[in-house]
2 protein chains.
Amino acid sequence: MPGPKDLTYLGCSIANSVPILGDRWNILILRDAFMGVRRFEDFQTDLGIARNILSSRLDDLVAAGIFETREYQDNPPRHEYRLTEKGKDLMDLLLALWRWGDRWAPPELRDPRKLIHLDCGHPTQIVAACAHCGGELKRSNLRIEPGLEVVEATSSDTQVPA
Amino acid sequence: MPGPKDLTYLGCSIANSVPILGDRWNILILRDAFMGVRRFEDFQTDLGIARNILSSRLDDLVAAGIFETREYQDNPPRHEYRLTEKGKDLMDLLLALWRWGDRWAPPELRDPRKLIHLDCGHPTQIVAACAHCGGELKRSNLRIEPGLEVVEATSSDTQVPA
DNA sequence: CAAGTGGGTTGCAATCTGCAACGGACTCCG
DNA sequence: CGGAGTCCGTTGCAGATTGCAACCCACTTG
């Protein structure tokens, strides 16, 4: 039985989000949604996604509670897809994706657009901060409890069979 | 010619990262990598991923510069997959994914493990901060230049045909 | 020498993707 | 009024991708 596999056995919040967020089109659809796109036709022409796939992905996103549909016209019933709170909460993730892509992509592929932080007026990028103390979160100051360092202490770096 | 489509035409850093990061297995492999997993066999048994798929994904991640291989044994040549700087830089993204999954998943699916910020000693989650001023990044204080608000001004909320 | 470990590759069947065409229900325009 | 256009899908089909299991190779261990 090929086709996407059920991953709940992994018992991890990342694994739980993966069925929705580990999909190229869903990510791009969300990017568009954050840019203000809301209608089927607009997603389709902007992304160049096949209509059947778009239809299926939008259904998935609605089922996942990330989008909700809202009627904007009665006569031929038309609705648009809007981000729910759960969906809006994905912004951090999109920003992180943007920052990473921007930092590591070859210059000619970089997005010329800038992200402006209106509070300070400067172009910005996301930095991971601690929800408790506001300090930066780095590989070196994080631990997963119980056990397991997020980053290994590179203990085996010199492990050449002696 | 079905199969993944080239998305570079979208000219966006998110779109550029999507071929690699918009894949369920790649995300899970990275999660494991941040937990310290480095070897083929360990990824395979931990994730339950098919061996051919794992092989192909690891190759992709190496080609993308996220992993690098390092020999740890000569005789039957054996190597492990280690995160490069580019790979390590994905931590924010994984943390954002974790936070989102944790916040919105039904309680019984939540990951019981906690993330500890060693600098302050408290369990934490990621918060998006401005790289320039350190203030929190929210939908309401961001703009994409040129044009386009990240968040719509909900101008059409009351747009009932009059 | 048989079994085990580590890291893959190969084959096959079941899905999933992408494309293009078709559909329905209006609205707009000449 | 007829034809074109808009919006949102659904349906068919060929080709790609998955998942599974089996196989292979090169040691190492008992």
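In what follows, chains are A, B, ... by sequence order, proteins preceding strands, each numbered from 1.
- Looking at the side chain of B:Phe40, the nearest of the listed nucleotides C:dG7, D:dG19, C:dG18 is C:dG7.
- One interatomic measurement links the two molecules: NE2 of B:His79 to P of D:dA26, which rounds to 16 Å at whole-angstrom precision.
- In this entry the distance linking CG of B:Asp42 with P of C:dG6 reads 7 Å, nearest Å.
- A close approach under 4.0 Å does not occur between any side-chain nitrogen or oxygen of A:Trp25 and OP1 or OP2 of C:dT17.
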Please list each protein N or O that sits under 3.5 Å from an N or O in nucleotides 23-26 of chain C, with the distance.
unit_1: C:dG24; atom_1: N2; unit_2: A:Arg78; atom_2: NH2; d: 3.3
unit_1: C:dC26; atom_1: OP1; unit_2: A:Asn75; atom_2: O; d: 3.4
unit_1: C:dC26; atom_1: OP1; unit_2: A:Asn75; atom_2: OD1; d: 3.0

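- Of the listed nucleotides (C:dG18, D:dG19, D:dC7), D:dC7 has the atom at the smallest distance from the side chain of A:Glu41.
- Among residues two or more places apart in sequence or in another chain, the ring pair (Phe, Tyr, Trp, His ring centres under 6.0 Å) test is passed with B:Tyr81 by B:His79.
- Protein atom CG of A:Asp74 is 15 Å distant from nucleotide atom C1' of C:dT27, rounded to whole Å.
- Of the residues in residues 58-68 of chain B, not one places a heavy atom less than 4.0 Å from an atom of DNA chain C.
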Show the atom names and distances, to 0.1 Å, of all donor-acceptor pairs under 3.5 Å that link a side chain in residues 54-69 of chain B to residues at least two apart or in another chain.
unit_1: B:Arg57; atom_1: NE; unit_2: B:Asp23; atom_2: OD1; d: 3.3
unit_1: B:Arg57; atom_1: NE; unit_2: B:Asp23; atom_2: OD2; d: 3.0
unit_1: B:Arg57; atom_1: NH2; unit_2: B:Asp23; atom_2: OD1; d: 3.1

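- Mapped onto DNA chain C by nearest heavy atom, A:Gln73 and A:Arg57 fall at different nucleotides, with A:Arg57 at the one closer to the 5' end.
- Formation of a donor-acceptor pair under 3.5 Å by the A:Asn26 side chain with backbone atoms of A:Ile20 is found in this model.
- Distance alone, capped at 3.5 Å, places no donor-acceptor pair between the A:Glu71 side chain and the A:Asp74 backbone.
- Residues satisfying the side-chain contact (heavy atoms from CB on, under 4.5 Å) criterion with A:Asp46, sequence neighbours excluded, are A:Arg31, A:Asp32.
- Within 4.0 Å of A:Tyr81, counting heavy atoms only, lie sugar-phosphate atoms of the nucleic acid but no base atom.
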Side-chain donor-acceptor distances from residues 121-131 of chain A under 3.5 Å, at least two apart:
unit_1: A:His122; atom_1: ND1; unit_2: A:Cys120; atom_2: O; d: 3.0
unit_1: A:His122; atom_1: ND1; unit_2: B:His132; atom_2: ND1; d: 3.3
unit_1: A:His122; atom_1: NE2; unit_2: B:His132; atom_2: NE2; d: 3.4
unit_1: A:Thr124; atom_1: OG1; unit_2: B:Ala131; atom_2: N; d: 3.1

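- C:dG8 atom C1' lies 11 Å from atom CD of B:Gln44, rounded to whole Å.
- Judged by distance alone, with hydrogens and angles left aside, the side-chain atoms of A:Asn141 form a donor-acceptor pair with the main-chain N or O of A:Glu136 at under 3.5 Å.
- Of the residues in residues 46-54 of chain A, those placing a heavy atom less than 4.0 Å from an atom of DNA chain D are A:Arg51, A:Asn52, in numerical order.
- Put simply, B:Ser55 has no side-chain N or O that comes within less than 4.0 Å of OP1 or OP2 on C:dG7.
- Considering only residues two or more places apart in sequence or on other chains, A:Asp42 meets the salt bridge (Lys or Arg N to Asp or Glu O under 4.0 Å) condition with none of them.
- In terms of the salt bridge (Lys or Arg N to Asp or Glu O under 4.0 Å) criterion, residue partners of B:Glu85 (sequence neighbours excluded) are, by chain and number, B:Lys88.
- Residue A:Arg24 places none of its side-chain N or O atoms closer than 4.0 Å to OP1 or OP2 of D:dT17.
- Axis angle between the ends of the helix from C:dC1-D:dG30 to C:dC22-D:dG9, five pairs each and rounded to 10 degrees, works out to 20°.
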Open item on the list: Could you go through B:Leu21 and B:Leu30, starting from their C-alpha distance and side-chain angles, then the distance that decides it, and tell me whether this counts as side chain to side chain contact (heavy atoms under 4.5 Å, CB included)?
Closed with: CA-CA 10 Å; B:Leu21 297 174; B:Leu30 285 166; 3.8 Å; yes
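- Distance OH (A:Tyr72) to C1' (D:dC8): 8 Å, rounded to an integer number of Å.
- Partners of B:Asp89 according to the side-chain hydrogen bond (donor to acceptor under 3.5 Å, both in side chains) rule, which considers only residues two or more places apart in sequence or in another chain, are A:Arg99, A:Arg103, A:Trp104.
- Put simply, CG on B:Asp23 is 15 Å from P on C:dC16, counting in whole angstrom units.
- Relative to the ring axis of B:Tyr72, B:Arg38 does not place its NZ or CZ within 45° and under 6.0 Å from the centre.
- When the side-chain hydrogen bond (donor to acceptor under 3.5 Å, both in side chains) test is applied to B:Glu41, the partners found at least two apart in sequence or on another chain are B:Arg51.
- Remark: side-chain polar atoms of A:Trp100 are not paired, donor with acceptor, to backbone N or O of B:Gly87 under 3.5 angstrom.
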